[in-house]
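The next block holds one structure in the form of structure tokens; read it before the comments.
The sequence lines fix the lettering, A, B, ..., with proteins before strands; numbering per chain opens at 1. Since this is a predicted model, take the numbers as computed values, not measurements.
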There are 2 protein chains.
Amino acid sequence: MLSDPKQAVPSASKGSSLGTIEREAIEMFINFFRLLGLPKSVGEIYGLLFVSPRPLTMEELMRRLDISLGAASQGLKALRSAGAVKAVYSPGERRDHFVANLELSRFASAFIKEQILPKLEQASVRAERMEAALSDLPEAERTETRGRINELRRWLDRGRTMLPVALKLLG
Amino acid sequence: MLSDPKQAVPSASKGSSLGTIEREAIEMFINFFRLLGLPKSVGEIYGLLFVSPRPLTMEELMRRLDISLGAASQGLKALRSAGAVKAVYSPGERRDHFVANLELSRFASAFIKEQILPKLEQASVRAERMEAALSDLPEAERTETRGRINELRRWLDRGRTMLPVALKLLG
DNA sequence: CAGCAACTTCAATATAAAATGAAACGAGCA
DNA sequence: TGCTCGTTTCATTTTATATTGAAGTTGCTG
């Protein structure tokens with residue numbers, strides 16, 4: 001359980017312009033990025049940039065991945081803001097060229113900082129509110145429920161001490 | 001970046017039958033479960049069971065959470081198969097009663113084992129195929145691309161040695 | 001072993017998320 | 001200043017995911 005396998009399969013259409021290495025890299029990153037809740041197009045873009053030995057323009061990404069202008073622009077925006085991709089200057093060239101940042105640990109860090117930590121903080125606030133609401137409960141249920149809330153808080157505290165350590169290990 | 005905040009808000013309809021503690025718990029678990037790619041209804045069910053001092057039937061879950069028969073059945077199935085919930089025997093009662101397993105570490109373990117490890121394995125296979133396909137590349141690109149594939153493999157190897165350790169720490 | 005309550009399944013439907021592409025924007029250049 | 005190319009934005013469309021509930025199944029019980 002915990003959701004299905006369902007393998008990523010490249011559409012036939014883009015088979016022509018991509019080699020084995022590119023296809024494998026793209027599929028791999030689609031899978032990992034999906035794990036972080038990111039859309040397919042973002043994984044495709046990063047995958048292609050990861051194995052590309054030279055910077056690519058947005059136009060090249062659109063063409064080779066067969067994605068739209070909007071998807072390319074938004075995907076790159078997201079990747080840049082996560083520090084996963086950067087624009088490099090190309091002399092005498094007007095358009096932007098993009099390269100992948102190969103330090104994969106960035107993703108884990110960004111994910112922890114932006115997704116997990118805020119949820120932990122919010123959860124702690126909720127736990128306080130739950131504690132405070134214990135008095136509304138009928139006597140009989142109070143002890144049992146208090147125990148459960150405490151269990152929850154122990155986990156939240158654990159998380160809040162562990163994650164910064166994990167972040168240090170990564171970055 | 002890395003997807004939006006967008007807070008879970010309980011539908012007005014079920015406000016009536018749920019107290020503060022229940023609402024807070026439900027919203028908290030909806031948020032965490034979503035992080036693991038699980039549907040809202042699954043988070044709702046687990047949240048309510050988590051703070052419920054006594055076992056609940058499927059019918060109670062349907063009524064109090066205002067979810068359908070199918071959602072309750074499937075959500076419980078998923079939670080049971082992940083070991084997050086179990087059915088307890090209730091003397092002289094025909095219908096099943098469910099309780100939450102409070103050991104939250106189970107989720108992390110299940111998630112790592114079922115979602116992350118398989119993807120790492122598959123990724124390693126892909127990396128081998130990429131390595132093998134290097135010879136198809138024009139000379140000029142080979143060295144750079146080989147370096148990138150190696151970078152990838154270093155990360156995959158790291159992951160494959162770290163995760164089992166993480167699993168031990170949890171369980 | 002018939003009837004029924006409890007549960008499961010799954011095709012249909014509703015909802016949410018991502019992709020598209022036309023229109024708006026903006027930076028550099030003549 | 002007005003063009004032009006490259007990029008961003010966002011309303012619309014498409015696709016994917018979750019939910020519903022009726023029909024099917026199971027297994028207890030009288």
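- Following rounding to the nearest Å, L38(A) (CG) and dA19(C) (P) show an atom-to-atom distance of 11 Å.
- The phosphate of dA17(C) (OP1 or OP2) has no side-chain N or O of K40(A) nearer than 4.0 angstrom.
- For the pair H97(B) NE2 and dC7(C) C1', the interatomic distance rounds to 14 Å; values are reported in whole Å.
- In this structure, F98(B) has no ring pair (Phe, Tyr, Trp, His ring centres under 6.0 Å) partners at least two apart in sequence or on a different chain.
- For residues 47-89 of chain B, the pairs satisfying ring pair (Phe, Tyr, Trp, His ring centres under 6.0 Å) are F29(B)-F50(B), Y46(B)-F50(B), with sequence neighbours left out.
- In this entry the distance linking CG of L76(A) with P of dA19(C) reads 13 Å, nearest Å.
- Remark: side-chain polar atoms of E22(B) are paired, donor with acceptor, to backbone N or O of G19(B) under 3.5 angstrom.
- With sequence neighbours excluded, the residues forming a side chain to side chain donor-acceptor pair (under 3.5 Å) with R154(A) are E151(A), listed by chain and number.
- Hydrophobic clustering, with ILVMFWY side chains joined whenever heavy atoms are under 4.5 angstrom apart, groups I26(A) together with L134(B).
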Base versus backbone protein contacts along nucleotides 20-30 of chain C [heavy-atom cut-off under 4.0 Å; B, S, -]: BBB----B---
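- Spacing between atom CD of E93(B) and atom P of dT29(D) amounts to 11 Å, rounded to whole angstrom units.
- Recorded end-axis angle for the helix from dC1(C)-dG30(D) to dA30(C)-dT1(D) stands at 10°, based on five pairs per end and rounded to 10 degrees.
- Atom C1' of nucleotide dA17(C) and atom CD1 of I30(A) are separated by 16 Å, given to the nearest angstrom.
- If you measure from atom CE of M58(B) to atom C1' of dT26(D), you get 13 Å, rounded to the nearest angstrom.
- With dT8(C), dA6(C), dT7(D) as the candidates, the nucleotide lying closest to the side chain of R95(B) is dA6(C).
- Listed by chain and number, the residues in a side-chain contact (heavy atoms from CB on, under 4.5 Å) with R54(B) are S52(B), L56(B), E60(B) (sequence neighbours excluded).
- Dashed line: the shortest gap from a side-chain N or O of S41(A) to OP1 or OP2 of dA19(C) is under 4.0 Å.
- A straight line from CD of E59(A) to C1' of dT8(D) spans 17 Å, rounded to a whole angstrom.
- Between E60(B) atom CD and dA6(C) atom C1' the separation is 14 Å, expressed in whole Å.
- With sequence neighbours excluded, no residue satisfies side-chain contact (heavy atoms from CB on, under 4.5 Å) with V165(B).
- Residue pairs that meet the salt bridge (Lys or Arg N to Asp or Glu O under 4.0 Å) test with at least one member in residues 131-142 of chain B, sequence neighbours left out, are E131(B)-R153(B).
- Distances shorter than 4.0 Å separate none of the side-chain N or O atoms of K77(B) from OP1 or OP2 on dC7(C).
- Judged as a salt bridge (Lys or Arg N to Asp or Glu O under 4.0 Å), the pairs with a partner in residues 155-171 of chain B (not counting sequence neighbours) are, in order, E121(B)-R160(B), D157(B)-R160(B).
- Applying the 4.0 Å criterion to OP1 and OP2 of dT8(C), one finds that R80(B) has a side-chain N or O inside that range.
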